[in-house]
Amino acid sequence: MSYLLRRLALYAVAAWASITLAFVLPRLMPGDPQTAMFARFEGKMSPEGIAALRDTFGFSDAPLAAQYLTYLGNVATGDLGVSASHFPARVGDVIGAGLVWTLWLTGVAVVLAYAIGTALGVLVAWQRGGWLDAIAPPLLALVGAFPFFWLAMLLLLLFGFTLGWAPVRHAHAAGVEPGWTLAFAWSVVTHAALPALTIVVATVGSWLLDMRNTMIGVLGEDYVTLAHAKGLAPRRVMLRYAARNALLPNITSFGMALGFVLSGSLLTEMVFSYPGLGYLLIGAVRSLDYPLIQGLFLTITLAVLGANLLVDLVYVWLDPRARVRTEAP
Amino acid sequence: MIALWRHRRARLGLGILGAFAVLAVVGPWLVGDPTAPVARPLSPPSWAHWLGTTGQGQDVLAQTICGARTSLAIGFVVGISQVAIGAVIGACAGVLRGWVDDVLSLLINVFLIMPGLPLMVIIAAYLPTGATTIALVLIVTGWAWSARVIRAQALAIAGKDFVAAARVAGEGRARIVLVEVLPNMTSLLVSACIGATIYAIGAEVALEFLGLGDVAAVTWGTNLYWATNDSALLTGAWWTFVPTGACVALVGFALALVNGAIDEVGNPRLRAEPVFEAAVRRAGRRGAVSTPVLREELP
């Protein structure tokens, strides 16, 4: 079986496992999530009203297999039910609104962190044993030891409340009308500044160490020595010969790290009340909004799986060796 | 063990860990009830209360010290359990090969590829809140990282002659896994344990920060949960969350130090590297590098 087929099978199994997990969990748990959810309406609503609500949320007394099939059909058509805390909004619409903000914030932060970290990693590996190599890796490792959201709290306090340099919550100012205007764009960018900075600071260290390690491996290769021997300028050897080849294995870790970075950015959103998926998730957990929790779990998991698949495809396209190798790297 | 103690950085790391362990065991008796209100809410550090008070007037120092017990306990229990599960599954996959390996590898990869936090949240949201739930969730979601590393090592060891000899001698599969293969990667297992513990402490704090733990208990995670809930940030009350975060980082840092030291003690090449490079520099040469040693890190 070719490398790509194996990977595809893996993603299919992972996707099926997470979709099934979201179905099985609520039905396995001790206590009854439905009752817990509807307990809040008890006394305020007639039993008929609650029964109608149960129907709306897709709870039924049908046999499990039938429920499972209905559920699979709903997921396939993107129908995730009705949110309890944003009632009567559909879960899909609530998530869609949050997804835009998470994609924007995490996307910008990940690209920035990757670019900065990789560039620093190239430099650090090139001047191995130099002052940058002595300072940067341990310092960034220390920063990485702090909890992600704790850094967010610190930056929020320091730059947001004490110095007042950047807005402290939400994705844009309340007075600015969303639209394709300069004022709105500026508001969005300034509001993303602190959360993005948090993600960059917390993750840049791992990119740096990653790149440094692969780069040091590549620097030991014969073709680098040959490039030196040919008398090529050191800059050219560093960038065109060593860094270019070291980037390849780095791409796989990009996919692996995505889930981790996303988890951190979800927590960061909470600290800054940034209206993305993380903020929705915590709201859903606190108000016991099970349909929304499930929907968010599915969206985030499937998004990460999709991103990983994309990274794999890019990798196979970039590196011909991956096309013949059968074992995953 | 003695070699580890000779290592300067390992001694520092073990010292920090020891201090925290003592604090976790005897601390709660020294500071009294951490949940009792003792002074005006959100008062800054003073002589009476070294680290100030929380939004509910509780002593931050007492909360930080008492929080260490649960957080560290969960961290170590989860770290060890993750590696125990990872060792059995990883070693079986590596030794037995064939369809067993295919199935187990698929299982490992599926768990690796699913993003951790949403998975933890959805499981924790349905279980009754408490320390046991948090520990269970972390074990279920985290074991695959160690399993992957251990499987790779088991594959390498299973190819060695002494394992083939054991097979010919008629040893059972279970005996080969438990007696021949696993003891030969002790340093890897210890290092995986430490990595898993670092991960577990961070994840435990994150889950409780989300409010998925028992918010009435005093742990590092709930300390941070209350710090945000009582709008400590709005009033600039840095003392409510800085000490806890610093403790988490310090424990993680100490564990990383010990981990690095174990690596160097167990891997002579890594130990020789700085010596070799210093010699190259003394000779006035540059560009020469010893064979690189790559460390695979557990996230």
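Chain letters run A, B, ... following the sequence lines, proteins first, then strands; residues in each count from 1.
A parallel orientation is assigned to the rings of A:W126 and A:H228, their planes being inclined by less than 30° (bins at 30° and 60°).
Closest of all the heavy-atom pairs between A:L302 and A:S18 is CD2-OG, 4.4 Å. The two residues A:G278 and A:T102 come nearest to each other via the heavy atoms N-OG1, 4.5 Å.
For chain A, the nearby parts of B:L119 are the backbone and the side chain; heavy atoms of each come within less than 4.5 Å. Proximity to chain B is absent for every atom of A:L296, based on heavy atoms less than 4.5 angstrom apart. Within the 4.5 angstrom heavy-atom criterion, only side-chain atoms of A:V271, from C-beta onward, approach chain B. If you measure heavy-atom distances from A:F149 to chain B, the contacts under 4.5 Å come from the side chain alone. Interface remark: A:L156 contributes side-chain atoms only to the contact with chain B (heavy atom separation under 4.5 Å). Contact of A:L277 with chain B is not made at all, since no heavy-atom distance falls under 4.5 Å. Contacts of A:L281 with chain B are made by side-chain atoms alone, with heavy-atom separations under 4.5 Å and no backbone atom involved. When heavy atoms are compared at a cutoff of 4.5 Å, A:M270 approaches chain B solely by way of its side chain, counted from C-beta outward. Using a 4.5 Å cut-off between heavy atoms, B:V251 makes no contact with chain A at all.
Donor-acceptor pairing under 3.5 Å is recorded for the side chains of A:T20 and A:W16.
Rounding to the nearest 0.5 Å gives a distance of 6.5 Å between CZ of B:R151 and CD1 of B:I108. The distance from the CG atom of A:D312 to the OH atom of A:Y315 is 9.5 Å, given to the nearest 0.5 Å. In this structure, CE in B:M120 is found 4.0 Å from OG1 in B:T141, a value given to the nearest 0.5 Å.
Ranked by heavy-atom pairs shorter than 4.5 Å toward chain A, the options B:T244, B:V248, B:L210 are led by B:L210. The candidate from A:A284, A:S206, A:S263 with the greatest count of non-hydrogen atom pairs under 4.5 Å with chain B is A:S263.
Checked against a 6.0 Å centroid threshold, the rings of B:W145 and B:Y199 do not count as neighbours.
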